[in-house]
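In what follows, a structure is listed as structure tokens, so that the remarks can point back to it.
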Amino acid sequence: MRLFYYPGCASQHLARDLHQAVEALFSALELEIAPLEDWNCCGAREVAGESPLVGLLLAARNLALVQEGRLIVTCSLCYHNLKLAEKELSRDRESLRQLNDLLAEEGLSYSPDSVRVSHLLEFLCEKDNLSRLVSEVKRSGLRTPVAPFYGCFLSRPFGLEAGLMEKLLDLSGFGVAANPLKHHCCGGHLPRTDSPVIKELCGRLIYSAGRAGARFLGVCCPVCRLNLELYGPEEGPRVLYVPQLLGLKLGLPPAALGLEDGEL
Amino acid sequence: MEGWLSIEEILSSLAARGHRVSRRTFLYYVQLGLLPKGRRRGQPSGGVKFFYPPSALERLLKILELKQKGLRLKEIREVLQEERPESEPSREKAFPEREALERCSLCGICGGICPVYEEMEEPPWQVVRIYLESPERAAEINTPWICIGCYLCEERCPEEVPLVSFMNFLRRINREGPRISPAQEWSRLFWNLLFERGRSFDFGAVHAYQISLLREGPERKLALKIRGAEGVRQVSPPSPLKNLRVFRRMLSLAGRSSR
């Protein structure tokens, strides 16, 4: 089965480090995953205010580009939008027909049975990939504690199987700090409205991770990362992307993971 | 690909209507983007044939009609781009799951659990109540624009009220309404940028980073400034899609225009 990776818009600007880390991780694990050619924006949060067809079109164009195979996604909002389209269109044949008429403009068509959307965490936790990861881990003996943070869209409404991030962190040699707020909200797009609430939300999340003894807070989503970094307190666990953390345990140089020197 | 037509089928059905178009002209129109691209399909005989969606025929008739009116191909292209879908998605008036809203027992859990309730003029359950009493009043509340869509309320609602889709619905029907939240402006910027390149670039503005306008007007050029250990870095927007014209057309046919 062919594997594709959906980078998402943030990979091109604010989350270039995440993108770099994911690509480095794939090549360290010798996984042949090509970035999806000519992908488009998933519609982010803004599709919520549009007719459902608009959101479905943005997602379905990407799924149609896959043609046949799996699409691996890291950003949780992209995951939510692509998964939503996958679910809706396998059920709602009328919308699927309408969309395929639209996609025909570009010579594309989407068939729900031939494309599967998976989150990176799910993909890495599959048996083969997990054993690749474990065999590549450079043991250091030191189990630095990391608090997992899933945020909203990896928890609801298409929640990932419980404990995936914990499993990856544990098997790659980190300590897992219990984080009671791991499914909570970072404030999402709220900073757009210059909200003071966001500081409180992010502060609470960092504080909770710190109390659990974590050195790092592991996230997957560019919005979570940026909110926590910008609006969280300066003291407390550092926020890193899970692929960056895994990459470090594989012995990859920080620069290859988008980490600036002295950041650790 | 059911119902898709080969070039021969399209041309002969045109001929039946008294229009003569050559194969070469047809392919030229496809190349110009006036007609949708075809899809290859292998033939039992071993060769490969191209098939086109049924809409190609209607589009071709439209092109011929415009040509008869004396329009040049470039102008025809513009007309086709501007053309609104014939069956504009009917504007919704009422929330389709009204009974689900009526189930709300006013327990207030949604307001309590909402991570951003402090920003809201009314908690979700109040908006439900107001909407059921007088839908117009619900248009004046900022709550739907503040909602992040995190699903915490829906997850906890004892009556399983579809609060997220209700908030989305309110955003949708009040999109053109008077500005009640800065989030509406951001939304407009998002779509403008999306139409510009098919990929979004408004995150910068979102996160107190700076989007700088380097050039205005049709040559608008944006860049994003990111703080890092080595000072401020300027980042350019994502590269655009290969065929933006078709992308825009699909998006407007789906019901979203750039403004």
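What you see is a predicted model, and the numbers here were worked out from it, not measured in a lab. Every chain is numbered from 1 and lettered A, B, ... according to where its sequence line falls, protein lines coming before strand lines.
I148(B) touches chain A through backbone and side chain together, each having a heavy atom under 4.5 Å away. Only the side chain of F247(B) comes within contact range of chain A, judged by heavy atoms closer than 4.5 Å. Both the backbone and the side chain of S239(B) have a heavy atom closer than 4.5 Å to some heavy atom of chain A. Both the backbone and the side chain of L102(A) come within less than 4.5 Å of a heavy atom of chain B. Proximity to chain A (any heavy atom under 4.5 Å) is restricted, for V246(B), to the side chain, taken from C-beta onward.
No hydrogens or angles considered: nothing links the side chains of S55(B) and D101(A) as a donor-acceptor pair under 3.5 Å. In this structure, a donor-acceptor pair under 3.5 Å is absent between the side chains of T143(B) and E122(B).
When S11(A), A48(A), C152(A) are compared by the number of non-hydrogen pairs under 4.5 Å with chain B, A48(A) comes out ahead. Heavy-atom pairs under 4.5 Å with chain A peak, among N243(B), L241(B), L251(B), L35(B), at L241(B). Interface remark: of the candidates E37(A), E106(A), E200(A), E106(A) forms the most heavy-atom pairs closer than 4.5 Å to chain B. Counting heavy-atom pairs closer than 4.5 Å to chain A, the top-ranked of the candidates N142(B), L170(B), N168(B) is N168(B). Of the listed residues (G149(B), P144(B), P53(B)), the greatest number of heavy-atom pairs within a distance under 4.5 Å of chain A belongs to G149(B). Interface summary for chain B: among Q12(A), H184(A), Q98(A), R204(A), the most heavy-atom pairs under 4.5 angstrom belong to Q12(A).
Residues S208(A) and N179(A) are in side-chain contact: their nearest non-hydrogen atoms beyond the backbone lie under 4.5 Å apart.
No option in N40(A), L82(A), N81(A) other than N40(A) meets the side-chain contact (heavy atoms from CB on, under 4.5 Å) test with L58(A). Checking L53(A), V47(A), V54(A) one by one against R256(B), the side-chain contact (heavy atoms from CB on, under 4.5 Å) holds for a single residue, V54(A).
Of all non-hydrogen atoms in A15(A) and Y241(A), the two that sit nearest each other are CB-OH, 3.7 Å.
Ring planes of H19(A) and Y5(A): parallel class, angle under 30° (limits at 30 and 60°).
A distance-only check finds no donor-acceptor pair linking the side chain of H80(A) to the backbone of A44(A) [under 3.5 Å].
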